[in-house]
2 protein chains.
Amino acid sequence: MTSEVVRRPAAAVAVAADPATTIERVGVLLRARGERMTRARRAVLTVLVGDGAHLGAEEVVGRVAALDAGVHRATVYRTLDALADLGVVQHVHVRRTGTAYHLAHGGREHLHAECRRCGVVQDLPPDLLDGVASAVLDRDGFTVEPTHVALSGLCAACVTVDPPGGPAR
Amino acid sequence: MTSEVVRRPAAAVAVAADPATTIERVGVLLRARGERMTRARRAVLTVLVGDGAHLGAEEVVGRVAALDAGVHRATVYRTLDALADLGVVQHVHVRRTGTAYHLAHGGREHLHAECRRCGVVQDLPPDLLDGVASAVLDRDGFTVEPTHVALSGLCAACVTVDPPGGPAR
DNA sequence: GTTGTTGCAAATTGTTTGCACTGGT
DNA sequence: ACCAGTGCAAACAATTTGCAACAAC
């Protein structure tokens with residue numbers, strides 16, 4: 001289980017072009033915390049490095065299995081958690097896939113919007129909600145974390161099929 | 001099961017101050033569609049009228065049970081669905097409670113923000129994301145539906161305990 | 001040799017579904 | 001009487017957890 005104590009993420013990893021290098025760097029970060037680089041973690045990282053998109057946890061499980069059959073589903077979840085805690089992966093809550101994971105690319109993270117019909121996750125510019133966030137902070141003292149949930153709506157393709165106003169999913 | 005066909009919501013119900021009146025009005029809307037007002041639906045409506053806040057589905061199940069012991073959990077889910085389809089109830093996806101329901105109050109709906117630590121759901125002004133929505137529509141043709149998911153972050157109380165920057169939940 | 005990690009199986013949580021029966025209209 | 005709606009039990013999906021065995025360091 002991940003510790004109850006909130007740990008500050010390590011300095012963001014500069015993701016290298018080369019998977020092996022990225023993994024090695026993450027290994028260093030892990031050891032610096034007294035944690036370890038294992039086969040399972042290597043597999044998960046390989047999957048995430050190999051696909052820039054947003055993968056659902058179960059999707060990661062699948063690809064990891066294809067890569068290293070011995071890795072258990074529960075381990076993937078724990079690994080994803082550990083890497084998120086490290087600051088190396090980032091997750092977004094989306095309805096369709098549950099939770100989507102991707103490598104943190106160092107700088108400011110982009111935001112997401114999910115189509116409630118087809119499930120596509122669209123990337124949005126990092127600063128999109130800056131105005132909203134400071135407005136809400138002023139109003140209510142609530143600190144919005146824009147990367148953490150995907151905005152919901154209809155993508156360009158789906159909006160023609162199922163125009164808004166109908167009952168939301 | 002709710003029909004695969006997307007039905008346009010009926011004209012928004014003006015929620016009356018009196019629960020009985022509200023229920024009666026919903027009954028009319030239902031019958032107009034060839035649907036029915038049943039004990040279960042009455043119970044669910046009573047619960048929603050009685051609490052202006054955002055109740056998780058399971059929370060509604062609990063209160064309905066206290067009101068009318070015979071109503072089954074699955075029926076509450078189906079009822080919530082039916083009433084959402086009618087346009088009488090509105091739901092928001094929140095992480096903590098799963099999905100939160102509340103009566104649609106006719107006019108423009110407010111938005112929501114959820115604290116990722118304590119789970120509080122905060123109401124936000126309906127127009128908060130108007131600018132963002134039109135920006136995204138211009139950029140990507142993506143139609144944001146702002147009421148559909150809660151923004152995530154830390155409420156005023158929790159932000160002091162667990163400052164942002166740490167791994168998101 | 002520690003002790004962080006894993007594999008497995010089983011438990012949870014939130015929600016849905018098939019089906020025969022009941023109750024609104 | 002008809003058929004929408006219900007109760008029930010079981011199926012589901014996405015996670016999580018306890019624990020003994022294992023493997024990085």
Side-chain angles (χ1 to χ4, degrees), chain A residues 1-5 7 23-24 26-45 55-62 64-65 68-86 91-101 119 169, chain B residues 1-5 7 23-24 26-45 55-62 64-65 68-86 91-101 119 169:
Chain A
M1 178 184 68
T2 300
S3 146
E4 206 50 37
V5 181
R7 283 178 286 197
I23 293 177
E24 197 181 308
V26 174
V28 174
L29 287 178
L30 284 168
R31 273 170 230 119
R33 281 192 173 196
E35 300 178 15
R36 293 164 191 181
M37 175 54 74
T38 64
R39 281 195 26 217
R41 289 175 179 186
R42 246 185 294 272
V44 169
L45 282 167
L55 301 171
E58 213 55 28
E59 220 163 344
V60 176
V61 169
V64 164
D68 185 336
V71 179
H72 194 274
R73 163 187 278 83
T75 301
V76 172
Y77 278 93
R78 284 187 280 225
T79 296
L80 252 8
D81 218 53
L83 294 177
D85 202 54
L86 233 203
H91 67 266
V92 211
H93 296 297
V94 285
R95 206 95 278 275
R96 147 93 47 129
T97 352
T99 306
Y101 297 82
R169 304 248 103 192
Chain B
M1 180 185 67
T2 300
S3 150
E4 207 49 39
V5 181
R7 283 179 286 196
I23 293 178
E24 196 180 312
V26 175
V28 173
L29 287 178
L30 285 169
R31 273 171 230 120
R33 281 194 173 195
E35 300 178 16
R36 295 163 190 181
M37 174 55 72
T38 64
R39 279 190 35 211
R41 291 177 175 185
R42 246 186 293 272
V44 169
L45 282 166
L55 302 170
E58 212 58 27
E59 221 164 344
V60 176
V61 169
V64 164
D68 185 334
V71 179
H72 194 274
R73 164 187 279 83
T75 301
V76 173
Y77 279 93
R78 284 187 281 227
T79 296
L80 251 8
D81 218 54
L83 294 176
D85 201 55
L86 234 203
H91 67 266
V92 212
H93 297 296
V94 285
R95 206 98 281 274
R96 147 92 49 129
T97 353
T99 308
Y101 297 83
R169 304 243 107 193

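Worth saying up front: this structure is predicted, and the values here are computed from it rather than measured. Scope of the values below: all heavy atoms of this structure, side chains included, with no hydrogens, waters or symmetry mates. The sequence lines fix the lettering, A, B, ..., with proteins before strands; numbering per chain opens at 1.
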Where the side chain of A:Arg31 is concerned, which of D:dT15, D:dC25, C:dT6 is the nearest nucleotide?
D:dC25

Taking atom types as they are modelled, would you say the side chain of A:Arg36 forms a donor-acceptor pair with the base of C:dT3 within the 3.5 Å cutoff?
yes

Side chain of B:Glu35 - closest among D:dA4, C:dT6, C:dT15:
D:dA4

Hey, does the side chain of A:Thr99 come within less than 4.0 Å of D:dT15's phosphate (OP1/OP2), counting only N and O?
yes

Provide, to the nearest angstrom, the distance between the CG atom belonging to B:Leu55 and the P atom belonging to C:dG14.
14 Å

Rounded to whole angstrom units, what separation is found between the CG atom of B:Leu30 and the P atom of D:dC3?
19 Å

Does B:Val44 reach the side chain of B:Leu80, with side-chain heavy atoms less than 4.5 Å apart?
yes

Between B:His91 and B:Ala84, the two heavy atoms sitting closest are ND1-CB, 4.4 Å

For the residue pair A:Leu29 and A:Glu35, establish whether any side-chain heavy-atom pair is separated by less than 4.5 Å.
no

Taking the side chain of A:Ala74 as its heavy atoms from C-beta onward, which of C:dT6, D:dT17, D:dA9 lies nearest to it?
D:dT17

Rounded to whole Å, please give me the gap between NE2 in B:His72 and C1' in C:dT15.
12 Å

For D:dA24, does either OP1 or OP2 sit under 4.0 Å from a side-chain N or O belonging to A:Thr38?
no

If only atom types and distance count, is the side chain of B:Arg41 paired as donor or acceptor with the main-chain N or O of B:Arg36 below 3.5 Å?
yes

Could you give the CZ-to-P distance, from A:Arg73 to D:dT15, as a whole number of Å?
11 Å

Closest approach to the side chain of B:Ala40, judged atom by atom: which nucleotide of D:dA14, C:dT6, D:dT6 is it?
D:dT6

Nucleotide C:dG14, atom C1' - distance to NE2 of B:His91 in whole Å:
14 Å

Round to the nearest Å and state the distance from A:Leu80 atom CG to C:dT6 atom C1'.
15 Å

Without decimals, in angstroms, what is the distance between A:Leu45 CG and C:dT5 P?
13 Å

Using a cut-off of less than 4.0 Å, is there contact between a side-chain N or O of A:Tyr77 and OP1 or OP2 of D:dT16?
no

Tell me: CG of B:Leu86 to C1' of D:dA4, nearest whole Å?
14 Å

Side-chain N or O of A:Arg41 closer than 4.0 Å to phosphate OP1/OP2 of C:dT5
yes

With side chain to side chain contact (heavy atoms under 4.5 Å, CB included) as the criterion, how do B:Glu58 and B:Tyr77 come out once you've worked through the C-alpha distance, each side chain's angles and the decisive distance to 0.1 Å?
CA-CA 9 Å; B:Glu58 212 58 27; B:Tyr77 279 93; 2.7 Å; yes

Side chain of A:Val71 only, please: which of C:dG7, D:dG7, D:dT15 is the nearest?
C:dG7

Side chain of B:Thr75, backbone of B:Val71: donor and acceptor closer than 3.5 Å?
no

Contacts of A:Gly70 and B:Tyr101 projected onto DNA chain C by closest heavy atom; the upstream (5') one is A:Gly70

Output the single nucleotide from C:dT17, D:dA14, C:dT15 whose closest atom is nearest the side chain of B:Arg78.
C:dT17

Would you indicate which nucleotide in D:dA24, D:dG5, C:dT16 comes nearest to any side-chain atom of A:Arg39?
D:dA24

Judged by nearest nucleotide, the residue sitting upstream toward the 5' end of DNA chain C, B:Gly98 or A:Met37, is A:Met37

Looking for any heavy atom pair under 4.0 Å, which part of the strands does A:Gly56 touch: base, sugar-phosphate only, or nothing?
nothing

Check if the side chain of B:Arg42 and the base of C:dG24 share a donor-acceptor pair of N or O atoms closer than 3.5 Å.
no

For the base of C:dG4, is there a side-chain donor-acceptor partner from A:Arg33 under 3.5 Å away?
no

